[in-house]
Amino acid sequence: MSITEKLYSIFGVIFGIGLVLLIYLVPATRELAVLLPLSFIGLLVNIGLIFVVLKDLFTREGVDKNRKIIWTMAMLICWPTIVVYLFAHGFEAHPQNPK
């Protein structure tokens, strides 16, 4: 991942957690007029986050196809898996193949 992708990933995770906390802690954000725009912004941020993380996963060499499929399914089914992937593999440098 490049520095920009890492920063966006951190922003996306913080935004997602912050949005859930905001909706939970501030009852006024549960009204439809506020909730719809916030949810739409959250959707856009998370689409970008998923794109960045999946791009990193599929450009990473040395990982077999089955593990990539398992990571992809886990990320699409359960959002916190993205955080696990980022700390386990995403923030590490891609291994260089000597030629």
Which pairs pass side chain to side chain donor-acceptor pair (under 3.5 Å) with one or both residues in residues 39-50, sequence neighbours excluded? Asn46-Trp79
Atom of Glu92, atom of Arg60 and distance for their closest heavy-atom approach: O-NH2, 3.4 Å
Common cluster, Val20/Phe40, ILVMFWY with side-chain heavy-atom separation under 4.5 Å: no
Are Ile14 and Ile17 linked, directly or through intermediate hydrophobic residues, by side-chain heavy-atom contacts shorter than 4.5 Å (ILVMFWY only)? yes
Angle class for the Tyr8/Phe11 ring planes (parallel below 30°, perpendicular above 60°, tilted otherwise)? tilted
Side chains of Leu54 and Met75 in contact at under 4.5 Å (non-hydrogen atoms): yes
Side chain to side chain donor-acceptor pair (under 3.5 Å) contacts touching residues 26-35 (sequence neighbours left out): none
List, by chain and then residue number, the residues other than Leu32 in its hydrophobic cluster (Ile/Leu/Val/Met/Phe/Trp/Tyr, side-chain heavy atoms under 4.5 Å); write none if there are no others. Leu36
Ile69: hydrophobic cluster co-members (side-chain, 4.5 Å): Met73
So which heavy atom on Thr72 is nearest to which on Lys68, and how close? OG1-O, 2.7 Å
Taking Leu49 as the starting point, is it possible to reach Leu43 by hopping between hydrophobic residues whose side chains are less than 4.5 Å apart? no
Spatial distance of atom CG (Leu86) from atom CD1 (Ile10) [nearest 0.5 Å]: 8.5 Å
State yes or no: do Ile82 and Val84 share one hydrophobic cluster built from I, L, V, M, F, W and Y residues joined by side-chain heavy-atom distances below 4.5 Å, directly or via other members? yes
Could you list all the salt bridge (Lys or Arg N to Asp or Glu O under 4.0 Å) pairs where at least one residue sits in residues 2-11, not counting sequence neighbours? Glu5-Lys55
Any side-chain heavy-atom pair from Leu57 and His89 closer than 4.5 angstrom? no
Tell me which pairs pass side chain to side chain donor-acceptor pair (under 3.5 Å) where either residue lies in residues 10-19, with sequence neighbours left out. none
What side chain to side chain donor-acceptor pair (under 3.5 Å) pairs are there with at least one residue in residues 10-24, not counting sequence neighbours? none
What residues, two or more places apart in sequence or in another chain, satisfy side-chain contact (heavy atoms from CB on, under 4.5 Å) together with Leu7? Ile3
Between Val53 and Ser9, the two heavy atoms sitting closest are CG2-OG, 4.5 Å
Clusters formed by hydrophobic residues whose side-chain heavy atoms approach within less than 4.5 Å: which one holds Ile70, and what are its other members? none
Which residue pairs pass the salt bridge (Lys or Arg N to Asp or Glu O under 4.0 Å) test when at least one of the two sits in residues 32-43, sequence neighbours left out? none
Not counting sequence neighbours, which residues clear ring-ring contact (aromatic ring centres under 6.0 Å, His included) with Phe58? List them please. none
Partners meeting side-chain contact (heavy atoms from CB on, under 4.5 Å) with Leu19 (sequence neighbours left out): Phe15, Ile23, Leu38
